[in-house]
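Counting starts at 1 for both ligands and their atoms, in listed order.
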Amino acid sequence: MNDPIRKAVFPVGGLGTRFLPATKVMPKEMLVVVDKPLIQHAVEEAAAAGIEEFIFVTAAGKTMLEDHFDACAELVTALKAKNKSAELKMLEAIAPAGTRFSATRQPEPLGLGHAVWCARHLVGDEPFAVMLPDDLVLSGTPCLKQLVDAYGRVGGNLVAVMDVPKAHTDRYGILDVESDEGTEGGLASVRGLVEKPSPAEAPSTLSIIGRYVLQPAVFDELERGRRGAGNEIQLTDAMAELIGRQPFHGLRFAGTRYDCGDKVGWLEANLAFALARDDMGPAVEAALSRTGFARSTNR
Ligand code: UTP
C-alpha cells in the first residue's frame with residue numbers, strides 16, 4: 001500500500017518577468033483565467049485529487065496569494081446583508097472545510113528546486129505533490145487526480161508529461177525513457193531526466209509539466225544545493241538522482257496544458273476555459289464568431 005498524498009507544495013516565488021508589466025506588483029499566480037486567479041484553479045485541482053494541506057512557497061510581494069484564501073468577515077457580512085447567497089457560496093468554496101493552508105518564504109529566487117526545498121519542514125517525511133499554478137490543464141479528470149491515481153498503481157515518483165516540438169526541448173525538463181506506453185493516460189518508465197537540453201541533445205520530446213508526485217528523499221538531493229541549467233537549483237536534477245533507487249514514471253496525462261506564465265498561453269487558456277463552461281461557452285462562441293478577430297481588427 002502506497003502512503004497517501006495529503007500535501008501539495010505550490011512554489012510561487014518566481015518573478016514572472018515574462019508577464020510584465022502586469023506582474024510588477026501583482027503576483028503572476030493572481031492572474032485571472034475567466035473569473036478565478038491561477039492559484040485558485042490550482043488549489044481546486046489539488047483538492048479534487050484529495051489534497052488536504054496546501055503549502056505556498058512565497059516571496060516578497062506575494063502576500064496577496066495568502067490573503068485570497070483567508071476568511072474575509074467584512075465581505076461575508078456585506079453579502080449576507082444583501083442576501084447574495086450565490087456569491088457567499090462562492091466565497092466559502094475558496095477554502096473548503098477540512099483543508100489547511102500554510103506558507104513559507106523562499107528568501108531568494110534560486111530556482112524551482114530551491115523553492116521546493118524551502119517547504120521541507122512543512123512536508124515532513126511523506127510523499128507529496130508539487131503544482132506550478134502557471135501551468136493550467138483543461139481536462140475531464142483533473143490532471144493531479146490522474147497523477148495520484150497512477151501513483152496508487154505504481155507508487156514512487158511521477159511527473160505529468162506531454163510531447164513538445166523538438167525545437168522547444170530547451171524550455172522544459174525532458175525524459176529519457178526506458179519504455180513508453182505511448183498512449184494518452186499511459187505511463188513511461190524513466191531512466192534519466194535532463195533540464196532544458198538543446199534539441200540536438202534532447203533524449204526525447206517528452207517534457208515535464210508543472211504536476212509532480214514526489215518521495216521525501218528528493219529533499220536530501222536538494223539539500224546538496226547543486227546548481228544546474230541557468231545556474232539555478234533545479235528540481236529536475238534532484239529528481240534524476242532518485243531514478244534507479246525508487247520507481248520513476250512519466251504519465252501522459254489526458255487534457256490540454258496552457259502555459260499561463262506566457263501572454264499568448266494565458267489568452268488561449270481564457271478562451272478554452274470560457275468556451276468549456278456551460279454558463280458562458282455559447283455566449284463566448286457567439287461573440288468570437290461575430291467579431292471574426294482578424295489581426296487587422298481595430299489596428
Ligand atoms: P518560471 O520558470 O515560470 O519562472 O518558474 P518565473 O520567475 O515564475 O517566471 P518568468 O520566467 O520570469 O516569467 C516556474 C515555477 O517555479 C516557481 C515559479 O513561481 C513558477 O511557479 N519558481 C521559480 C519559484 O518558486 N522560485 C524560483 O526561484 C523560481
Side-chain angles (χ1 to χ4, degrees), residues 7-33 37-43 45-46 54-66 68 102-123 128-137 143-144 159-162 164 168-174 193-197 207-212 214 218-219 222-223 225-239 257-269:
K7 301 181 180 180
V9 175
F10 300 77
V12 290
L15 296 174
T17 54
R18 283 173 297 152
F19 226 117
L20 283 168
T23 47
K24 179 168 177 270
V25 173
M26 187 181 70
K28 158 169 86 170
E29 298 77 13
M30 286 304 291
L31 286 168
V32 170
V33 168
L38 286 171
I39 189 71
Q40 191 180 338
H41 282 283
V43 161
E45 183 185 324
F54 306 87
I55 301 165
F56 296 169
V57 182
T58 69
K62 300 267 185 171
T63 48
M64 201 193 279
L65 289 165
E66 293 161 63
H68 185 71
S102 55
T104 188
R105 282 274 179 134
Q106 183 186 21
E108 282 179 273
L110 298 181
L112 176 59
H114 179 253
V116 171
W117 177 77
C118 289
R120 65 199 180 286
H121 298 304
L122 292 166
V123 171
F128 63 104
V130 175
M131 295 192 70
L132 307 189
D134 45 355
D135 268 349
L136 194 55
V137 181
C143 186
L144 190 65
V159 286
V161 295
M162 65 178 206
V164 296
H168 294 174
T169 55
D170 56 1
R171 302 178 189 177
Y172 300 94
I174 299 289
L193 294 171
V194 200
E195 182 64 25
K196 300 190 172 70
S207 90
I208 303 173
I209 69 147
R211 304 288 182 275
Y212 311 74
L214 297 173
V218 77
F219 291 125
L222 289 169
E223 183 81 31
R226 273 188 305 257
R227 304 286 182 125
N231 199 31
E232 293 191 344
I233 300 172
Q234 297 289 354
L235 182 58
T236 305
D237 296 340
M239 294 190 307
R257 170 259 192 184
Y258 298 93
D259 177 4
C260 293
D262 168 80
K263 292 172 186 178
V264 175
W266 172 82
L267 275 169
E268 254 189 290

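- Less than 4.0 angstrom separates some heavy atom of L112 from each of these atoms of ligand 1: 16 (O), 29 (C).
- Atom CG of D259 and atom CZ of R18 lie 5.0 Å apart (nearest 0.5 Å).
- Residue E108 places no heavy atom under 4.0 Å from ligand 1.
- A distance-only check finds a donor-acceptor pair linking the side chain of H41 to the backbone of V33 [under 3.5 Å].
- Atom numbering of ligand 1 starts at 1 in the shown order; those under 4.0 Å from a heavy atom of L15 are 6 (P), 7 (O), 8 (O).
- Looking only at protein heavy atoms, the nearest one to atom 28 (O) of ligand 1 is G111 N, 2.8 Å.
- Atom CG of L132 and atom CD1 of I209 lie 8.5 Å apart (nearest 0.5 Å).
- Counting protein heavy atoms only, atom 15 (C) of ligand 1 is closest to L132 CD1, 3.9 Å.
- Looking at heavy atoms from C-beta onward, I208 lies in side-chain contact with M239 at the 4.5 angstrom threshold.
- Under a 4.0 Å criterion applied to the non-hydrogen atoms of Q106, ligand 1 contributes the atoms 24 (C), 25 (O), 26 (N), 27 (C), 28 (O).
- For the pair R226 and D237, the salt-bridge criterion is not met [side-chain N within less than 4.0 Å of a carboxylate O].
- Proximity of I39 to M30: side-chain heavy atoms (C-beta onward) are separated by under 4.5 Å at one or more points.
- The nearest protein atom to atom 13 (O) of ligand 1, hydrogens excluded, is given as R18 N, 2.7 Å; this is a heavy-atom distance.
- Ligand 1 places these atoms under 4.0 Å from at least one heavy atom of K28: 3 (O), 6 (P), 8 (O), 9 (O).
- Close approach to P109 involves these atoms of ligand 1, each under 4.0 Å from a residue heavy atom: 28 (O).
- In the vicinity of E29, heavy-atom distances shorter than 4.0 Å reach the ligand 1 atoms 19 (O).
- Taking a cut-off of under 4.0 Å to the non-hydrogen atoms of L110, the atoms of ligand 1 that pass are 28 (O).
- Contact annotation for atom 7 (O) of ligand 1: protein present (non-hydrogen atoms, distance under 4.0 Å).
- Between F219 and F128, the ring-plane angle classifies as parallel under the 30° and 60° cut-offs.
- Using a 4.0 Å heavy-atom cutoff, H114 is absent from the residues neighbouring ligand 1.
- The ligand atoms of ligand 1 that sit less than 4.0 angstrom from a heavy atom of A115 are 24 (C), 25 (O), 26 (N).
- With a 4.5 Å cut-off on side-chain heavy atoms, R120 and W117 count as touching.
- For V12, every heavy-atom contact with ligand 1 shorter than 4.0 Å involves the backbone, none the side chain.
- Atom-to-atom distance recorded for T23:OG1 and L15:CG is 8.5 Å, nearest 0.5 angstrom.
- Between S207 and M162 there is a side-chain heavy-atom pair separated by less than 4.5 Å.
- Rounded to the nearest 0.5 Å, atoms CD (E29) and NZ (K62) are 4.0 Å apart.
- A 4.5 Å side-chain heavy-atom check between C118 and P107 finds at least one atom pair inside the cut-off.
- The protein heavy-atom contact nearest to atom 22 (N) of ligand 1 is G14 N, 3.8 Å.
- Of the protein's heavy atoms, G13 N, 2.9 Å lies nearest to atom 25 (O) of ligand 1.
- Of the listed options T17, V130, T58, T17 places a heavy atom closest to atom 12 (O) of ligand 1.
- The protein heavy-atom contact nearest to atom 21 (O) of ligand 1 is P11 O, 3.0 Å.
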